[in-house]
Amino acid sequence: MNIIIVDNNGFWRERVKLIVEEILIKFNTNASIIIFKDFCDEFYNTLESNLSNLVLILDIVTDKNNGVYIAKSILDKNPKLNIIFLTAYAGKYIYDIYGNEDLKVKGFISKSDDVPKKIKYFLKGIIEQMNNEERLKYREGNLFIDILFKEILYITKEKDSRKTVIITSKGSIYTYKSLSYFEYKYNNQFIRTHRECIVNYNRVLYYNFKNKTIHFDNNTTIDYLSNNYKINIKDKCDNRIVEHKIKVI
């Protein structure tokens, strides 16, 4: 999880940071916290860096900007983004938030409220939703399949067959679900690197354009990297925060 805090007041920046840190410890959740005093170029660059599981806690009235307008433009590009507003002007802006059907935010908090309680409530819901999304779930006949995403390396088509194969750290799982089914249902977890392959980019250690290979963090290597999909892996893997720095050869 990556949490961005934007507030033009230094007291509130520090207070929200401490509140969030306590909540993360309580829910045993790791996260990077990034703080800005306004919606500056660095803020937008951070948004465009494809950080995973992103949460924004935004002030509304800053020195140079209006958080409502900023959030609207952000959500137009990424409707699934998690945004919580925290403002001293709740009475003035509450209708702008909840009266706008296009502005789907996770929470709205007045700075005169019990802020720790409200942030905990909204963050808890977001964390639970993210935890649910961290499992690949589907029905195969009468069976309900449930796989941890962190175990999945890639999904590919079985040769000369109608089946799809989910390759995990523990073995292979065969299904009649299509690659497109998994790609579109879980598009925040997988990227297409080949006509017959999608990969869990969080497991990619490095890739080699010259040899057209992808190397995973468990020493598995595949050659499903075609020219048509190079941009996908470059965009996702070059910008994400990982334990191992992505290496391009």
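Computed over heavy atoms, backbone and side chain alike; hydrogens, waters and symmetry mates excluded.
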Quiz item: Partners of Tyr44 by ring pair (Phe, Tyr, Trp, His ring centres under 6.0 Å), sequence neighbours excluded?
Solution: none

Listed pairs under 3.5 Å, donor-acceptor, residues 7-20 side chains, sequence neighbours left out:
{"unit_1": "Asp7", "atom_1": "OD1", "unit_2": "Asn9", "atom_2": "N", "d": "2.9"}
{"unit_1": "Asp7", "atom_1": "OD1", "unit_2": "Lys111", "atom_2": "NZ", "d": "3.4"}
{"unit_1": "Asp7", "atom_1": "OD2", "unit_2": "Lys111", "atom_2": "NZ", "d": "2.8"}
{"unit_1": "Asn8", "atom_1": "ND2", "unit_2": "Asp63", "atom_2": "OD1", "d": "3.0"}
{"unit_1": "Asn9", "atom_1": "OD1", "unit_2": "Phe11", "atom_2": "N", "d": "2.8"}
{"unit_1": "Asn9", "atom_1": "OD1", "unit_2": "Trp12", "atom_2": "N", "d": "3.2"}
{"unit_1": "Arg13", "atom_1": "NH1", "unit_2": "Asp7", "atom_2": "O", "d": "2.8"}
{"unit_1": "Arg13", "atom_1": "NH1", "unit_2": "Asn8", "atom_2": "O", "d": "3.4"}
{"unit_1": "Lys17", "atom_1": "NZ", "unit_2": "Glu21", "atom_2": "OE2", "d": "2.8"}

Quiz item: Using 30° and 60° as the class limits, which term best fits the ring planes of Tyr154 and Tyr224: parallel, tilted or perpendicular?
Solution: tilted

Quiz item: Under 4.5 Å between any side-chain heavy atoms of Asn82 and Gln129, yes or no?
Solution: yes

Self-check item: side chain to side chain donor-acceptor pair (under 3.5 Å) against Lys77, all qualifying residues, sequence neighbours excluded
Solution: none

Quiz item: Any luck finding a side-chain donor-acceptor pair between Thr220 and Asn218 under 3.5 Å?
Solution: yes

Exercise. Taking all heavy atoms of Leu179 and all of Arg195, pick out the closest pair and write down the distance.
Key: CD1-O, 4.0 Å

Exercise. Verify the neighbour count for atom NZ of Lys120: are there more than 12 heavy atoms of other residues, nucleotides or ligands below 6.0 Å?
Key: no

Quiz prompt | Lys92 atom NZ: more than 12 heavy-atom contacts under 6.0 Å | solution = no

Practice problem: Not counting sequence neighbours, which residues clear salt bridge (Lys or Arg N to Asp or Glu O under 4.0 Å) with Lys124? List them please. | Solution: Glu128

Quiz item: Excluding sequence neighbours, so at least two apart, what forms salt bridge (Lys or Arg N to Asp or Glu O under 4.0 Å) with Lys118?
Solution: Asp113

Quiz item: Going by atom types alone, do Ser178 and Ser180 pair a side-chain donor with an acceptor below 3.5 Å?
Solution: no

Self-check item: For Phe190, ring pair (Phe, Tyr, Trp, His ring centres under 6.0 Å) partners two or more places apart
Solution: Phe149

Self-check item: For Asn65, all residues meeting side chain to side chain donor-acceptor pair (under 3.5 Å), sequence neighbours excluded
Solution: Asp38

Exercise. Applying ring pair (Phe, Tyr, Trp, His ring centres under 6.0 Å), name anything that partners Tyr229, two or more places apart in sequence or on another chain.
Key: none

Quiz item: Counting only heavy atoms not in Lys26, do more than 12 fall under 6.0 Å of its NZ?
Solution: no

Quiz item: Who pairs with Glu196 by salt bridge (Lys or Arg N to Asp or Glu O under 4.0 Å), at least two apart in sequence or on another chain?
Solution: none

Quiz item: side-chain contact (heavy atoms from CB on, under 4.5 Å) with Asp223: which residues, sequence neighbours excluded?
Solution: Thr213

Self-check item: Partners passing ring pair (Phe, Tyr, Trp, His ring centres under 6.0 Å) against Tyr93 (at least two apart in sequence or in another chain)
Solution: none

Self-check item: Partners meeting side-chain contact (heavy atoms from CB on, under 4.5 Å) with Tyr176 (sequence neighbours left out)
Solution: Glu140, Arg162, Lys163

Quiz item: Is the number of heavy atoms from other residues, nucleotides or ligands under 6.0 Å of Lys157 NZ greater than 12?
Solution: yes

